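Here the structure comes first, spelled out in structure tokens, and everything after it is commentary.
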Protein chains: 2
Amino acid sequence: MRISKVNKMHNLSKNQQIIFDLIDKSSEPLKAYAILFNVQKKGIKAPLQVYRALDKLVEIGKIHKIESRNAFIACHNSSCQVAKATAFSICEICEKVTEISSAGLSKYLANFKDKDGMKYSKYNLEFFGLCKKCR
Amino acid sequence: MRISKVNKMHNLSKNQQIIFDLIDKSSEPLKAYAILFNVQKKGIKAPLQVYRALDKLVEIGKIHKIESRNAFIACHNSSCQVAKATAFSICEICEKVTEISSAGLSKYLANFKDKDGMKYSKYNLEFFGLCKKCR
DNA sequence: AATGTTTTGTTATATTATAACAATGTGTAA
DNA sequence: TTACACATTGTTATAATATAACAAAACATT
């Protein structure tokens with residue numbers, strides 16, 4: 001049943017919930033092994049358990065990977081619909097990362113056509129600069 | 001001498017030149033250890049020698065890192081001026097990567113202001129989709 | 001020639017991520 | 001409810017990516 005699968009509520013599994021809660025509570029992006037150390041007391045002992053949960057959470061849009069930092073943050077866009085069209089600002093001093101939700105930006109990028117007239121509904125954009133505090 | 005330093009021609013060092021040549025001739029992004037294996041016959045034996053050259057080449061804009069792939073491609077923008085404002089399209093099937101040079105896109109992104117009115121002159125954008133051949 | 005800087009060479013190690021396999025749990029439909 | 005498909009877990013081992021620390025050589029100014 002394709003459609004119900006796609007639309008289905010994602011009840012997180014035990015490990016997924018533990019790891020999502022940790023990332024969601026964090027004020028900064030978390031790296032996989034930082035997560036591992038933090039959840040060892042909860043019985044998650046191996047890197048693979050962490051990576052599997054991270055993969056799933058990324059797939060369903062609950063978290064995003066900051067590619068330039070190999071770190072993960074919870075999605076704070078409207079109900080995590082925007083799993084595949086992400087934009088972030090990253091402070092080069094304090095490493096603060098903020099998810100950007102700008103209708104204008106996402107519209108512009110979703111409609112962008114390359115030289116071959118090709119459009120892309122999936123993208124990841126990382127802006128770098130100095131945040132308010134570090135400026 | 002600050003100014004001459006900033007503007008100076010980058011005569012590549014021996015290792016930098018070897019590694020740049022390899023990347024420049026490649027039709028696809030190269031990973032660090034793939035580079036290492038390819039240049040061992042030229043006397044570059046250790047990962048660190050590769051990473052140092054890569055760091056420098058990225059810094060001076062001769063190559064770019066494709067963050068989502070941990071791979072490197074030569075810059076094909078007009079004389080590599082655009083070291084810090086990069087955009088790529090990536091085919092999710094064949095992994096072909098193309099650097100996008102669009103005046104409109106770079107203008108839009110350079111002028112983009114976030115909620116705090118903050119602008120960013122440095123960014124990296126990766127589009128994902130299917131290339132012509134794989135569509 | 002003296003000086004500061006960059007680059008190199010080298011060994012070791014840290015960090016990030018996946019392979020392979022067996023077992024257990026969960027949702028769904030007959 | 002039982003059986004089936006599928007997702008998740010647990011585990012050990014290993015692959016892939018990247019940096020630390022230190023000494024020596026090369027290079028570019030003065």
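Remember, predicted model here, so these are calculated numbers, not experimental data. A, B, ... follow the sequence lines: proteins, then strands. Residue 1 opens every chain.
- The side chain of Asn15(B) sits closest to dG9(C) out of dT8(D), dT17(D), dG9(C).
- Listed pair Asn70(B) / dA18(D) meets the phosphate criterion, a side-chain N or O lying under 4.0 Å from OP1 or OP2.
- To the nearest angstrom, C1' of dG9(C) lies 15 Å from CD of Gln16(B).
- With hydrogens and angles ignored, the 3.5 Å screen pairs a side-chain donor or acceptor of Asp114(A) with a backbone N or O of Asp116(A).
- Distance Leu57(A) CG to dA7(D) P: 16 Å, rounded to the nearest Å.
- Contacts between residues 20-49 of chain B and DNA chain D, counted as heavy-atom distances below 4.0 Å, involve Lys31(B), Tyr33(B), Leu48(B).
- Following rounding to the nearest Å, Lys14(B) (NZ) and dA25(D) (C1') show an atom-to-atom distance of 11 Å.
- Rounded to an integer number of Å, the gap from CZ of Arg52(B) to P of dT5(C) is 18 Å.
- Between Leu12(B) atom CG and dA26(D) atom C1' the separation is 16 Å, expressed in whole Å.
- Ile90(B) is listed as a side-chain neighbour of Phe128(B), based on a closest heavy-atom distance under 4.5 Å.
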Let me see the working for Phe112(A) and Phe127(B) under ring-ring contact (aromatic ring centres under 6.0 Å, His included), right down to the final yes or no. CA-CA 10 Å; Phe112(A) 174 77; Phe127(B) 282 110; 5.4 Å; yes
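- Side-chain contact, Asn77(A) with Glu99(A): a donor N or O sits under 3.5 Å from an acceptor N or O.
- Using a 4.0 Å cut-off between charged side-chain N and carboxylate O, Glu126(B) and Arg69(B) make no salt bridge.
- Among the nucleotides dT7(C), dT9(D), dT19(D), the one closest to the side chain of Tyr51(B) is dT19(D).
- Between Leu12(B) and Phe20(B), some side-chain heavy-atom pair lies under the 4.5 Å cut-off.
- Between the CD atom of Glu67(B) and the P atom of dA17(C) there is a distance of 12 Å, rounded to whole Å.
- Within the 4.5 Å cutoff, no side-chain heavy atoms of Ile63(A) are placed close to those of Asp24(A).
- Listed nucleotides dT7(C), dT8(C), dT9(D) differ in distance to Lys56(B); the shortest reach to its side chain belongs to dT7(C).
- Nucleotide dT7(C) holds its C1' atom 12 Å from the CD1 atom of Ile19(B), rounded to whole Å.
- Contact between the side-chain N/O atoms of Ser13(B) and the OP1/OP2 oxygens of dC27(D) is not found at any separation under 4.0 Å.
- At dT16(C), none of the side-chain N or O atoms of Lys65(A) fall inside 4.0 Å of OP1 or OP2 (strictly under the cut-off).
- Leu54(A) places its CG atom 10 Å from the P atom of dT18(C), with the value rounded to the nearest Å.
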